[in-house]
Amino acid sequence: MLEKNPVIFIILAFVVIMIGTTITMIAPFKWINSDSDKIAEVKPYTPLQQEGRDLYMREGCNNCHSQTVRTLAADVERYGNGGGYSKSGEFVYDRPHLWGSRRTGPDLARIGLKPLTPAWHKKHMENPQSVVPASNMPSYAFLNQPLDTTYSERKMKLLKFPYTQADLDELKGKSEMDAIIAYMRKLGTDIPVKNAGAAVQAPVAQSNPYTDLKAVEEEAKAIYKQQCASCHGEKREGTLGPALKGSTKSETDLFKIISQGSTANGMPAFSSSLDEQKIWKLVTYIKLDTK
Amino acid sequence: MKASTRYVDDSVKGFITWSIIWGTIAVVVGIVISLQLAWPQLNVAPYLTYGRLRPIHTNAGIFGWGIGSFIAMFFYITQRLTKTPLWSPKLARVTLWIFNVAIASAAVTLAMGINRTKEYAELEWPLAIVVAILWVLFSINVFMTILKRKEEQMYISLWYIMAALVGVTVLYVVNNLGMPLHLFKSYSAFAGTNDANVQWWYGHNAVAMVLTVPPLAIFYYFLPKITNNPIYSHRMGIIAFWSLIFMYLWTGAHHLLWTPVPDWIQTVAMAFSIMLIAPSWGAVMNGYLTMNGQWEKMKSNYLVKFMIVGITFYGLQTLQGPMQAVRSFSAFIHYTDWVPGHVHMGTMGWVSMILFGATYYVTTTLSDTEIYSIKLANAHFWLVLVGQLIYSITMWIAGVQQGSMLLATNPDGTLHYSFMETMIAIFPYYKIRAISGFIYLAGLALFIYNIYKTFQKGAESSVAKA
């Protein structure tokens, strides 16, 4: 019968396909994005951030950047930026999700937690190789054009995100670059950061415990390369940030600037991403010419 | 009077022609983006940047080359297996027009950055609707032909064809549900983790219903035709068929291992992925055993080569896939170039090899003549085989190397390599990969020339006969 009646066959095939579909795709709607995985601190996007997200989609950034920190130690260490692995409740406002499938560039789920200033982002977007010399990311200098805000308010309504007139006013005079940077700086920041403050609360040594440069040079150089070189240059010659070679600042001043940052100069605070010892090692490294 | 005259094959020829054109574009764009990964200055902003071109590559490949040639083959096979002319040749011609308009518009809108970002479902809602209509019109045509058939028995290929018709419709419609903002922009109907789960239910079953079930239908039809041997076991084919379409739908979340998707969904996906080895190898063994006692045809018949090497890659693909679906291995290679290596063995090796063989066969049948040059067909075979192997093998090596570097930690738990160091290590492989693309393209050029010449030869001889 089955082999002779295409109508019955096609109904049967449909039923067979729907079994796995119902259990693994339809049923989970009951649990996912429900109260059980809700995170109170997670906020929807502002109009500017949502515009940035739409530009991220337009440019297909998801083809090279993922947005999920897996529950693997190396993932958390590399991309967690202190926020840990990704949780379901963080994505409830993401339509669509932008988790991606290939990391030709680093994961961006918690890029907002990284101490990167808007100026750094702008420079990196315009000319990625000026910040990360070996990078194979294309230049996105063309984002320096006025942001189209025609649909900004309608987007908020469609997505049922709350917004104020001030949020809409924020869009005035903004470029596409501003919007995508605003989105970058929001990513992953809603989650309470665990190790923040740990370094701040610890008793701060009044003077540099690492007087012997040779003992710490290798480690300090690695930290410098990872955290500082993109703004201060591989050889401390200064690019986006000032040159550090031959710095005349005292060691305690340097420690303070690295740990607390300097908002006026666009220098981010590193107290949440580097512990006290690492900061002192950096200070030693920066002052290496004067020793 | 030749036997094929009672069948309506103009649309078969139309779809073959256009699918080859879109397939060539897919390969060319693939080469361009592979070069861009090695030399970022080749990104011509904004329309020709990697982020905009990659979806054009995948869409032209899957929808243009894949779906286009499956439609051609389904029209061809269905008529012959039912001993019935196509239900509506007019509808078939309309389908070809819609197909070309849809794929061309897809390329243009994707270059403009109109993009839903969900992989293999990037097209914005008006175009997605066009694609859905296209598929339904095509399905009705094939299904009505089967309903009105003169041959009562339904051969296994027809089962696979009908399953693909239903499967693709369900998957495509659900994953494209959205809330339109305006004509060129919509937001997904699902949010966050739900959206990811729906996407990979779709994504992996697009692999099932588009890149597995149709080529299997084609393989089951053409292998016996080419070898003059009946298929080894119809019953094994049937068992493999039902278990394949049952198991596949559970496996989508193996694309989401270690992510916030609930653990039990990941575990179920992992288990079903491994179980899938059985039905997949059911088809592979059916192919091998059909060849029993005739293996010398691998030497003497160029079409057998395409079919058997194709099904062999299917066998390798369906061993490697389940391996990647295991949590521990996924942790190692997911997000690295291992995965493109895997995917391209499936697309360039398995699916395209079967389609090349089938296209040669159909072209000679429709032209009622021999192939223009067996020598060229053999050269084509070796070039695409070598190109594909270089591609996949370099990407597997790159994936293993980058994967191990990304996971390497120092004794104190800190990371041993920066992200950039892991990229610098694999850049040389990107250059080799680009070369493999050129080799594959050279093979494709021989294929196109041979097909063109064969059609021309057919047209000349039919004029001479008249």
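Reminder, nothing fancy here: chain letters follow the sequence lines and each chain counts from 1. Excluded from the calculations below are hydrogen atoms, water molecules and symmetry mates; all remaining heavy atoms, backbone and side chain alike, are included.
- Taking CG of A/Asn63 as the start and CG of B/Leu53 as the end, the distance is 10.0 Å to the nearest 0.5 Å.
- Heavy-atom minimum distance, A/Arg70 versus B/Leu257: CD-O, 3.9 Å.
- Nearest heavy-atom pair across B/Leu407 and A/Ala74 is CD2-CB, 3.6 Å.
- Using bins of under 30°, 30° to 60° and over 60° for the plane-to-plane angle, the ring pair A/Tyr151/B/His182 lands in the tilted bin.
- Separating the NE2 atom in A/His97 from the CD atom in B/Gln199 is a distance of 5.5 Å, to the nearest 0.5 Å.
- Rounded to the nearest 0.5 Å, atoms OG1 (B/Thr117) and CH2 (A/Trp99) are 13.0 Å apart.
- Of all non-hydrogen atoms in A/Ser88 and B/Pro260, the two that sit nearest each other are N-CB, 3.4 Å.
- Contact annotation: the side chain of A/Arg102 approaches that of B/Asp337 to within less than 4.5 Å [non-hydrogen atoms, C-beta and beyond].
- Only the side chain of B/Asn43 comes within less than 4.5 Å of a heavy atom in chain A; its backbone stays farther off.
- Contact between A/Ile17 and B/Met209 at its shortest, heavy atoms only, is CD1-CE, 3.8 Å.
- If you check the side chains of B/Glu119 and A/Ser101, you find a donor sitting under 3.5 Å from an acceptor.
- If you look at A/Phe9 and B/Trp242, their ring centroids are closer than 6.0 Å.
- Contact of B/Thr414 with chain A is made through backbone and side chain together, with heavy-atom distances under 4.5 Å.
- The contact between B/Trp200 and chain A is made entirely by side chain atoms (from C-beta outward), counting heavy-atom distances below 4.5 Å.
- Looking at B/Phe272, there are no atoms closer than 4.5 Å to chain A (heavy atoms on both sides), in backbone or side chain.
- A side-chain N or O of A/Asp54 and one of B/Tyr187 form a donor-acceptor pair less than 3.5 Å apart.
- Side-chain contact between A/Gln129 and B/Pro40: present, with at least one pair of heavy atoms (C-beta onward) separated by less than 4.5 Å.
- Residue contact with chain A, scored on non-hydrogen atoms closer than 4.5 Å, is absent for B/Gln41.
- The minimum heavy-atom distance linking A/Met18 with B/Val170 is given by the pair SD-CG1, 4.3 Å.
- Shortest non-hydrogen contact noted between A/Pro96 and B/Arg116 is CG-O, 3.6 Å.
- A/Arg103 forms a cation-pi arrangement with B/Tyr335, by the criterion of a distance under 6.0 Å to the ring centre and an angle within 45° of the ring axis.
- Only the side chain of B/Phe143 has a heavy atom closer than 4.5 Å to any heavy atom of chain A.
- Counting only heavy atoms from C-beta outward, the side chains of A/Arg95 and B/Phe190 never approach each other to under 4.5 Å.
- A/Ile10 CD1 to B/Met162 CE: the interatomic distance, rounded to the nearest 0.5 Å, is 6.0 Å.
- Taking the side chain as every heavy atom from C-beta outward, B/Trp250 and A/Ile23 approach each other to under 4.5 Å.
- B/Ala189 touches chain A through its backbone: at least one of N, CA, C or O sits under 4.5 Å from a heavy atom, while the side chain does not.
- Here the NZ-CG distance, from B/Lys118 to A/Asn62, works out to 12.0 Å after rounding to the nearest 0.5 Å.
- Using modelled atom types and a 3.5 Å distance limit, the side chains of A/Thr21 and B/Trp201 yield a donor-acceptor pair.
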